[in-house]
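Heads up, the thing below is written out as structure tokens.
Because the structure is a prediction, the values reported are computed rather than measured.
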Amino acid sequence: ESPRNRSYLVANNTRCGTCCHTVLQRFITHWLRLTGSNMNHSKKHENIITKLLNRLIPKPTDFFTLLTEQSSLVTVTIRNLHQYMMQPNPELTEALAADEHQADALKIRNLHQLNRAFSTPIDREDIYRAIASLDWIITHCKSTINEMLDLEVEPDDNMRMILDELLAGCEALERGF
């Protein structure tokens, strides 16, 4: 079919989000082939056109994947805190500190992607709150350990029961994303 034919554009419009970019890129590629442009010359045109399309119509960020990564890290951190409550040791304290640093990096990356996004699949404020809330959980896991060490508090059964519930909730959240 001809790239100028409207049915060609409609038939190749398969994915919402990247459809405009893909359709325009296919249209331009077919147009270059139909005009009989030299292959090296057309590759150069395609490269320039691709850069232009990426600038005009940026590919959308998959925020659900980003939030899934962040919620997976929350689950790992809660598991580390749970293990610490069962058997305190300095290695788990260091692991929680490393998790917190990794969570900060993920939060910054996700917020950067959110700020750069032209459009979002759900309300921008809801995505922001999800990113900030997931980071908040990890930050408080680390502060819990720090306060327990500073105040020389040993884990007890009540803390373990709370952590059991937190772990179940985080695992459910991870499955939900």
Less than 4.5 Å apart, side chain to side chain, heavy atoms only: is that true for [X] and [Y]?
{"X": "Asn89", "Y": "Tyr84", "answer": "no"}
{"X": "Ile127", "Y": "Arg124", "answer": "no"}
{"X": "Cys141", "Y": "Ile78", "answer": "yes"}

Separation of [Y] [atom2] from [X] [atom1] (nearest 0.5 Å):
{"X": "Ile137", "Y": "Leu173", "atom1": "CD1", "atom2": "CG", "answer": "6.5 Å"}
{"X": "Leu73", "Y": "Gln102", "atom1": "CG", "atom2": "CD", "answer": "4.5 Å"}
{"X": "Tyr128", "Y": "Asn115", "atom1": "OH", "atom2": "CG", "answer": "9.5 Å"}
{"X": "Asp156", "Y": "Met161", "atom1": "CG", "atom2": "CE", "answer": "9.0 Å"}
{"X": "Leu134", "Y": "Leu66", "atom1": "CG", "atom2": "CG", "answer": "11.5 Å"}
{"X": "Arg129", "Y": "Asp126", "atom1": "CZ", "atom2": "CG", "answer": "4.5 Å"}

In terms of hydrophobic clusters joined by side-chain contacts under 4.5 Å, are [X] and [Y] together?
{"X": "Leu167", "Y": "Leu96", "value": "yes"}
{"X": "Leu81", "Y": "Trp136", "value": "yes"}
{"X": "Leu67", "Y": "Leu111", "value": "yes"}
{"X": "Met86", "Y": "Val153", "value": "no"}
{"X": "Ile138", "Y": "Met148", "value": "yes"}

Note to self: For a quick check under 3.5 Å, do Glu174 and Ser71 share a side-chain donor-acceptor pair by atom type?
What the structure shows: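 There is no such pair between these side chains.
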Notebook entry, point to check: In terms of side-chain heavy atoms, does Asn110 have a donor or acceptor partner in Gln70 at a distance below 3.5 Å?
Noted result: yes
Item checked: Audit row: Phe64, Ile122, side chain to side chain contact (heavy atoms under 4.5 Å, CB included) steps and yes/no -> CA-CA 10 Å; Phe64 296 113; Ile122 56 176; 4.3 Å; yes
Next item on the list: May I ask you to decide whether Glu171 forms a salt bridge with Arg79, counting only side-chain N to carboxylate O separations under 4.0 Å?
Entry: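 A salt bridge is present here (some side-chain N lies under 4.0 Å from a carboxylate O).
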Check: When you check the gap from the basic side-chain N to the acidic O, do Glu100 and Lys107 get nearer than 4.0 Å?
Finding: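 Result for this pair is no, no salt bridge flagged.
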Next item on the list: Taking all non-hydrogen atoms of both residues into account, name the closest pair between Phe63 and Gln113 and its distance.
Entry: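 That would be CZ-O, 3.8 Å.
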Next item on the list: Would you please test Thr144 and Met85 for side chain to side chain contact (heavy atoms under 4.5 Å, CB included) and show each step?
Entry: CA-CA 11 Å; Thr144 299; Met85 293 295 179; 4.3 Å; yes
Next item on the list: Please report the C-alpha distance between His82 and Met159 in whole Å, then the side-chain angles of each, then the deciding distance to 0.1 Å, and finally whether the side chain to side chain contact (heavy atoms under 4.5 Å, CB included) criterion is met.
Entry: CA-CA 9 Å; His82 189 267; Met159 291 180 191; over 6 Å; no
Note to self: Checking Asp135 against Leu106 for the side chain to side chain contact (heavy atoms under 4.5 Å, CB included) test, could you report, in this order, the C-alpha distance in whole Å, the side-chain angles of both residues, the deciding distance, and whether it holds?
What the structure shows: CA-CA 9 Å; Asp135 183 64; Leu106 277 176; over 6 Å; no
